[in-house]
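One structure below.
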Amino acid sequence: MKRTNSENITDLEHSIKFVTQFITHPTKTGAILPSSNKLCELMTDIAELNKVSTVIEFGPGTGVITEKVMQKKAPDTTFFALEINEAFVEATKTRCPDAIVYQSPAQNARKHLEMHGESGCDRILSSLPWLTFDGDTQQELIDTIYDVLHPGGKFFTYAYVPGLIFPAAWRFRKKLNARFDKVTQSKIIWSNVPPAFVYQGEKA
Ligand SMILES: C[S@@+](CC[C@H](N)C(=O)[O-])C[C@H]1O[C@@H](n2cnc3c(N)ncnc32)[C@H](O)[C@@H]1O
């Protein structure tokens, strides 16, 4: 679909906000630019959001993935996003006024599900900067994700191809394999900056 001039200006404003946050909080932000439209489309398509009733997003940043979730989920699906950076909470709320966005770490997922009267969730879409996390934090988050997913639930997160040279990327992959019952990876989106693919972890 062709984008209007005002949509392009808004994208530019969000990109500037993103770069500013990267300069201020580089390790927590973990990327220099927002995810591309193609990467966001891929992640939200393979998640088959219209078939499930509870979805959580971790680390929405400027809300590029949140926007797709809001378009693709069923109208009565419970959905909220957890983001630690106040500026990104505001950016996501501005882009997606109807989305529920809490300023809260992903580690609090269970607490927020309980606030919504849910015992677990069917999908988790994450943009968390795994490469900047130490092994304990990676493990804590993977355990949280597995714990809150219903049986049959699925977890999606993207990884940057150039990032695979770092030991933290392989440590993360090993931990995913050890915790999830099945782990697969998507095709690579070469036009994303940097090129990226999506991991899918399934809970049996
Ligand atoms: C790579 S950026 C997200 C990019 C987003 N997909 C976009 O394109 O705008 C990672 C995000 O995770 C957030 N984050 C980092 N640690 C977090 C945590 N423990 N819980 C929730 N959000 C976290 C950061 O503040 C940042 O917004």
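All values below were derived from every heavy atom in this structure, side-chain atoms included, with hydrogens, water molecules and symmetry-related copies excluded. First listed ligand is number 1; within each ligand, the first listed atom is number 1.
Here the shortest heavy-atom distance to atom 22 (N) of ligand 1, taken over Thr144, Thr62, Leu128, Val89, belongs to Leu128. Taking each of Gly63, Ser126, Gly59, Pro34 in turn, the one with a heavy atom nearest to atom 3 (C) of ligand 1 proves to be Gly59.
Looking at Ser127 next to ligand 1, an N or O pair under 3.5 Å apart turns up. For ligand 1, the polar-atom distance check finds no N/O of Pro105 at less than 3.5 Å from any of the ligand's N/O atoms.
For Cys40, no heavy-atom contact with ligand 1 is shorter than 4.0 Å. Contact annotation: for Ile84 versus ligand 1, heavy atoms closer than 4.0 Å belong to both the backbone and the side chain. In Tyr160, neither the side chain nor the backbone holds a heavy atom less than 4.0 Å from any atom of ligand 1.
For Arg171, the salt bridge (Lys or Arg N to Asp or Glu O under 4.0 Å) test picks out no residue, with sequence neighbours left out. With sequence neighbours excluded, the residues satisfying salt bridge (Lys or Arg N to Asp or Glu O under 4.0 Å) with Lys51 are Glu48.
Below 4.0 Å from some heavy atom of Gln107 lie the following atoms of ligand 1, by number and element: 19 (N). Residue Asn85 approaches ligand 1 through these ligand atoms, each under 4.0 Å from one of its heavy atoms: 25 (O). Annotation for ligand 1: atoms under 4.0 Å from non-hydrogen atoms of Ser35 are 6 (N), 7 (C), 8 (O). Interface of Leu82 with ligand 1, defined as ligand atoms under 4.0 Å from a residue heavy atom, comprises 21 (C), 22 (N). Counting atoms of ligand 1 from 1 in the listed order, those under 4.0 Å from a heavy atom of Gly61 are 9 (O), 27 (O).
Thr137 and Asp134 are linked by a side-chain donor-acceptor pair at a separation below 3.5 angstrom, with hydrogens and angles left out of the test.
Look at Ala91 and you'll find every heavy atom at least 4.0 Å from all atoms of ligand 1. Judged by the shortest distance from any of its heavy atoms, Phe58 lies outside the 4.0 Å radius around the atoms of ligand 1. Taking 4.0 Å as the cut-off, Tyr102 does not count as a neighbour of ligand 1 on heavy-atom distance.
Note that Lys203 lies outside the cation-pi zone of Phe155, set by a 6.0 Å cut-off to the ring centre and a 45° limit from the axis.
Of the candidates Lys111, Glu83, Met115, Met115 is the only one forming a side-chain contact (heavy atoms from CB on, under 4.5 Å) with Tyr102.
The shortest heavy-atom contact between Pro60 and Leu82 is CD-O, 3.4 Å.
Between Tyr158 and Phe156, the distance from one ring center to the other does not fall under 6.0 angstrom.
Few gaps surround CD on Gln71; more than 12 heavy atoms of other groups in view lie less than 6.0 Å from it.
At least one side-chain heavy atom of Cys121 sits under 4.5 Å from a side-chain heavy atom of Leu149.
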